[in-house]
Amino acid sequence: MAEQVSTWARKRSPWLFHVNACSCNGCDIELVAALTPRYDAERFGAVLVPSPRHADVLVVTGVASPQIKDRLARIYEQIPEPKYVLAVGACACGGGVFKGCYNAGQGVDNVLPVDMFVPGCPPRPEAILYGIIQLLGKVKGNGKPN
Ligand code: SF4
């Protein structure tokens, strides 16, 4: 019963912690737009929190370049289990326009276990909300995605 209640609550209050992992800021602006009253992510319980220790979902924008890989991994470790990773934008999904550059990463999944990808350069706020909803749809009884 307690497990069902915690899963129910988890699916209705995804707290997000955002990391700009060398993004150009385009994806970050769209993420902020998704959280404004116009798109109203709070109707799904999604709010931005200031600490990874309070978060359920790590939202990453940018290429996860070599300069930020270790910091990204350290932030991920601070999020309590069960935790999820949402990669937002073409750069986070696979390097985007920077793929192949000597100083850029190849996407967040080379550093962290990504649960959901939201492609686009940048993705629109509706697409980001759709990604959050799809991610919540994967949350099962043990709190982990299927
Ligand atoms: S996907 Fe496009 S908008 Fe987003 S960080 Fe990369 S270049 Fe910028």
Side-chain angles (χ1 to χ4, degrees), residues 6-140 142-146:
S6 67
T7 302
W8 177 86
R10 190 167 290 121
K11 291 178 86 148
R12 282 158 182 78
S13 59
W15 285 10
L16 316 173
F17 184 78
H18 171 226
V19 173
N20 176 335
C22 305
S23 155
C24 76
N25 277 348
C27 288
D28 309 295
I29 290 168
E30 299 299 322
L31 174 64
V32 170
L35 298 168
T36 60
R38 175 167 182 167
Y39 294 99
D40 196 14
E42 281 197 38
R43 73 193 133 129
F44 306 114
V47 293
L48 213 54
V49 292
S51 167
R53 296 179 198 279
H54 301 160
D56 303 298
V57 181
L58 179 60
V59 182
V60 186
T61 54
V63 290
S65 73
Q67 289 83 1
I68 200 166
K69 272 165 83 171
D70 292 346
R71 294 180 182 93
L72 198 54
R74 215 175 312 141
I75 290 169
Y76 178 75
E77 283 170 14
Q78 292 175 36
I79 299 176
E81 292 282 356
K83 53 191 164 188
Y84 313 95
V85 178
L86 182 70
V88 172
C91 288
C93 291
V97 292
F98 304 105
K99 191 177 177 109
C101 292
Y102 73 95
N103 56 351
Q106 301 294 310
V108 176
D109 63 339
N110 285 300
V111 185
L112 303 176
V114 176
D115 298 294
M116 188 62 63
F117 296 89
V118 180
C121 182
R124 287 195 47 79
E126 296 94 326
I128 297 172
L129 286 180
Y130 184 74
I132 293 171
I133 293 164
Q134 291 298 306
L135 178 64
L136 294 176
K138 292 177 75 179
V139 176
K140 293 291 178 191
N142 61 1
K144 292 303 291 177
N146 53 6

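FYI, the numbering just counts along the sequence from 1. Indexing begins at 1, ligand by ligand and atom by atom, following the structure's order.
- Listed by chain and residue number, the protein N/O/S atoms under 2.8 Å of atom 8 (Fe) of ligand 1 are C24 SG, with waters left out.
- For R71, the CZ atom sits in a loose shell: 12 or fewer heavy atoms of surrounding residues, nucleotides or ligands are nearer than 6.0 Å.
- At a 4.0 Å cut-off, at least one heavy atom of G120 sits close enough to ligand 1 to count as contact.
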Return a table of donor-acceptor pairs under 3.5 angstrom between the side chains of residues 52-62 and protein atoms on other chains or two or more places apart.
{"from": "D56", "atom 1": "OD2", "to": "W15", "atom 2": "N", "distance (Å)": "3.0"}
{"from": "T61", "atom 1": "OG1", "to": "H18", "atom 2": "NE2", "distance (Å)": "3.1"}
{"from": "T61", "atom 1": "OG1", "to": "D28", "atom 2": "OD1", "distance (Å)": "2.6"}

Result block: side-chain N/O donor-acceptor pairs under 3.5 angstrom for residues 94-103, not counting sequence neighbours:
none

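- Counted within 6.0 Å of CZ on R38, heavy atoms from surrounding residues, nucleotides or ligands total 12 or fewer; the atom is thus considered open.
- The shortest distance between side-chain heavy atoms of P14 and L136 falls below 4.5 Å.
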Expected list for residues 121-129: side-chain donor-acceptor pairs under 3.5 angstrom, two or more places apart:
{"from": "R124", "atom 1": "NE", "to": "E126", "atom 2": "OE1", "distance (Å)": "3.3"}
{"from": "R124", "atom 1": "NH2", "to": "Y39", "atom 2": "OH", "distance (Å)": "3.4"}

